[in-house]
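Note that the coordinates shown come from a computational prediction; the quantities given were computed from them, not determined experimentally. Here is the naming used below: chain letters follow the sequence lines, and residue numbers restart at 1 for every chain.
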Amino acid sequence: MRWSSAFIPTLRDDPADAEAISHKLLIRAGFMRQLMAGHYSMTPLGFRSLRKVEAIVREEMEKIGGQEFRLPSMHPKEIWEKSGRWDSVGEEMFRLQDRKGADLALGMTHEEIFAFHGTELRSYKALPQIWYQFQAKFRDEARPKSGLLRVREFTMKDSYSFDLDQAGLDHAFDQHFEAYRRMFKRFGFEIVAVEASSGVMGGNTSIEFMLRSDAGEDWVAACGQCGYAANVEKAESVLPSVEDGAGLAEPEKFSTPGVKTIDDLAKMDGGASPDRQIKTLVYKIDDKDVLILLRGDHQLSEQKLIDQVQSEAMRPAEIGEVKKLLGALPGSLGAVGRGELFVIADEALRGRKDMVTGANEDGFHLRGVDVDRDIDVKGWLDLREVKDGEGCPQCQKPLSVYKTIEVAHIFKLGTKYSEAMGAKVQNESGESVHLVMGSYGIGLERNLAAVVEANHDENGICWPMNIAPYEVCVTVVKPKDVACHEAGERLYQDLSQAGLDVILDDRAERPGVKFKDAELIGFPYRVTIGPKGLEQGVFELVRRSDGEKTELKIEHAVETIVETVLDERS
RNA sequence: CGGGCCGUGGCGCAGUCUGGUAGCGCGCUUGACUGGGGGUCAAGAGGUCGUGAGUUCGAGUCUCACCGGCCCGACCA
């Protein structure tokens, strides 16, 4: 490609509405443009890189025996009703009607559709199968943000495995796990694989692949010692034990005027430190009132609660409902003597004595509370959100908690969808059994953005060779000079001939403009061809990642550049 | 969905409080000088000021409604 005839709309300033680095750089460097919130058009440069991401994913899928499909993105309501997800996914699914008034959905994932096609599998002899596709996914995100990191329309490679039994699924899952690791390596960033909550996907095991980044929105707890890592929606930790005093024979009410928070009570004379307090939250779970108890210095993880309580709908109670139920406002709530209510307590409260909690009377608390003696706990669950520095559940060393981008998610689904669609095969003994399924997703655009988040500097993007839109940029410093022009043209032809992706910057621009643009876009290598170099019989090769410059004798330039580029492809 | 901020040439912004001929920088076009890190000079093109209604002699500016975008939170297979 000759730059003079290419559409590469670079911008001198950061776009005003971008925050995330990948968002700013992909816009500025001319890789994409926004159409509306959560929907981006890829420009030719962006599409080249996106196709390289896709090619890597496809290669790795083929390596594990994946077979590529292409499914419709518009689905009939009926198939989503069979799995129950027409209702359970709620507003996140785009829905529409055709001219006959039939209800349709834009696919946000394809478990139902692949399971539907899986019904044509009849015998164990046909197994295992791994089916995949690249397809646009539509999700009506409440808040699209951060450029390509959270959008409403994107391309996903989703694959589905079909096996006879759990052991088969485990194998397919492991194959995907390894394939994904290879993909990220080739993308040029390090990931951490974590245990995750499966959300409404169903199934019991899922693993997320996370890239550490401040632009992310998922928190991960990881142990540097033993390798334990989990999404905070799922992570556990061990706490130092707390020594309790003997306490009182029975709870004693005391006045706490103006105390509204854990902190207020901790600061008050005769109060209690947060780890000696019981925090009481009120939730409406399927219209039932439930009290949730945690230690005062602990935070509820709603996802943990959702994952452990079978419920259709859950929300915190409104303030009026709380007052009506317990007779007091938040700040003075407690579970003592409320045995008629369903009380769930976090494990960290088990066996605690001499605690302080609200008296269900504004401005009053109870001290000397013995959890086992005074509170009728119906269920003990791990509900606490893990915090930085707490002990690793495997090796007790301190955990670190940090922000990440979820770059892929793989699930062991089990038989949820094969049962819903009636996908069965006969096993060796002639019995009909439901297919055991897995599903494995990776978003292309998000991974493109992740590559940028992980590979950039103050001058722009630093593409790894595998993802770069062009591997080499040949910069002709003075295109009007015949010798320069011809040398550039010849090098461009030779490198292209050798199979490299190369762009020739033949624009009538100042050298500075060309250098800046090339750095902003982030070509891994750039060759400078100018009068000075020609006089000495050399080109200059500049590496984007560290700015290292090498002088190449003109007669050996092609050979050296080709070798360098091929070396870095993987 | 709650809270906050913002819509003015392609991009970044000023002008809005206090109503009176729509501006600046960059980019773009043409020409000249230039040519190894966003150069200089000259001459140009480009805007229904998000949309609609209202107040006013007069609205980018004031009022109301709507639309769109960004950020925080809630939510997120």
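Under the Watson-Crick or G-U wobble criterion, with both distances below 3.5 Å, B:U63 is paired with B:A53. In this entry B:G27 has no Watson-Crick or G-U wobble partner, no candidate having both defining distances under 3.5 Å. With a cut-off of 3.5 Å on both pairing distances, B:U48 has no Watson-Crick or G-U wobble partner at all. In this structure, B:A74 makes no Watson-Crick or G-U wobble pair, since no nucleotide meets both defining distances under 3.5 angstrom. Judged by Watson-Crick or G-U wobble contacts below 3.5 Å, the nucleotide B:G9 has no partner. Across all strands shown, B:U40 forms a Watson-Crick or G-U wobble pair, both distances under 3.5 Å, with B:A32.
Comparing A:Ala16 and A:Glu217, the nucleotide of RNA chain B nearest to each residue sits closer to the 5' end for A:Ala16. Sequence order on RNA chain B of the closest nucleotides to A:Arg12 and A:Ala142 puts A:Arg12 first from the 5' end.
Closest to the side chain of A:Arg28, from the set B:G36, B:G38, B:C11, is B:G38. Closest to the A:Asp13 side chain, of the nucleotides B:G38, B:G36, B:G12, is B:G12. Nearest to the side chain of A:Val513, among B:G38, B:C70, B:U34, sits B:G38. When the nucleotides B:G69, B:G12, B:G35 are ranked by their closest atom to the side chain of A:Ala37, B:G69 comes out on top. For A:Glu141, the listed nucleotide lying nearest its side chain is B:C76; candidates were B:G35, B:C70, B:C76.
No more than 12 heavy-atom neighbours from other residues, nucleotides or ligands sit within 6.0 angstrom of NZ on A:Lys553. In this structure, A:Gln299 places its CD atom where only 12 or fewer heavy-atom neighbours from other residues, nucleotides or ligands lie under 6.0 Å away. No more than 12 heavy-atom neighbours from other residues, nucleotides or ligands sit within 6.0 angstrom of CG on A:Asp214.
B:G37 atom C1' lies 8 Å from atom NZ of A:Lys549, rounded to whole Å. Atom CZ of A:Phe7 and atom P of B:C28 are 14 Å apart (whole Å). The CZ-C1' distance, from A:Phe138 to B:C76, rounds to 18 Å in whole Å. Protein atom CG of A:Asp481 is 10 Å distant from nucleotide atom C1' of B:G35, rounded to whole Å. Per the geometry, NZ belonging to A:Lys145 stands 20 Å off P belonging to B:C6, to the nearest Å. Between A:Tyr40 atom OH and B:G69 atom P the separation is 10 Å, expressed in whole Å. Taking atom CE of A:Met108 as the reference point, atom P of B:C75 lies 16 Å away to the nearest angstrom. Computed from coordinates, the A:Asp14 CG to B:C70 C1' distance equals 14 Å when rounded to whole Å.
Separating the P atom of B:C70 from that of B:C26 is a span of 29 Å, rounded to the nearest Å. Taking atom C1' on both nucleotides, B:G9 is separated from B:G50 by 15 Å, rounded to a whole Å. Taking the P atom of each, B:C62 and B:G7 are spaced 12 Å apart, rounded to whole Å. Atom C1' of B:G19 sits at a distance of 48 Å from the matching atom of B:U34, rounded to the whole Å. The gap from the P atom of B:U51 to that of B:C72 amounts to 29 Å, rounded to the nearest Å. Distance noted for atom P between B:A45 and B:G69: 34 Å (whole Å). When the C1' atom is compared between B:G47 and B:G15, the two are found 15 Å apart, to the nearest whole Å. Rounded to whole Å, the separation between the P atoms of B:C71 and B:G12 comes to 14 Å.
Residue-level contact check: A:Phe539 touches neither bases nor backbone, having no heavy atom under 4.0 Å from any strand. Within 4.0 Å of A:Glu519, counting heavy atoms only, lies at least one base atom of the nucleic acid. Across all strands, A:Gly533 comes closer than 4.0 Å to base atoms (heavy-atom distances). When heavy atoms are screened at a 4.0 angstrom cut-off, A:Arg152 is found touching no nucleic acid atom at all. Heavy atoms of A:Met93 sit nowhere under 4.0 angstrom from any nucleic acid atom. Within the 4.0 angstrom heavy-atom criterion, only backbone atoms of the sugar-phosphate kind lie near A:Ser146; the bases stay farther away. Nucleic acid contact for A:Glu302: sugar-phosphate only, since backbone atoms but no base atoms lie under 4.0 Å from a heavy atom of the residue.
Side-chain atoms of A:Glu509 and base atoms of B:G38 include no donor and acceptor less than 3.5 Å apart. Residue side chain A:Arg510 does not reach the base of B:G38 through any donor-acceptor N/O pair under 3.5 Å, judged by distance alone. Counting atom types as modelled, A:Gln34 pairs no side-chain N or O with a base atom of B:G69 as donor and acceptor under 3.5 Å.
Scored by the ring pair (Phe, Tyr, Trp, His ring centres under 6.0 Å) test, A:Phe539 finds no partners at all (sequence neighbours excluded).
Contact annotation: A:Arg143 side-chain N/O to B:A74 OP1/OP2 distance is not under 4.0 Å.
Both the sub-6.0 Å distance and the 45° axial angle are not jointly satisfied by A:Lys157 relative to the ring of A:Phe134. For the pair A:Arg95 and A:Trp86, the cation sits on the ring face: its NZ or CZ lies under 6.0 Å from the ring centre, inside 45° of the axis.
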Next on the checklist: The test is salt bridge (charged side-chain N to carboxylate O under 4.0 Å, His left out); show your working for A:Arg85 and A:Glu112 and say whether it passes.
Outcome noted: CA-CA 9 Å; A:Arg85 292 210 290 185; A:Glu112 282 82 355; 2.7 Å; yes
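Ring geometry for A:His23 versus A:Tyr40: interplanar angle over 60°, hence perpendicular rather than tilted (30 to 60°).
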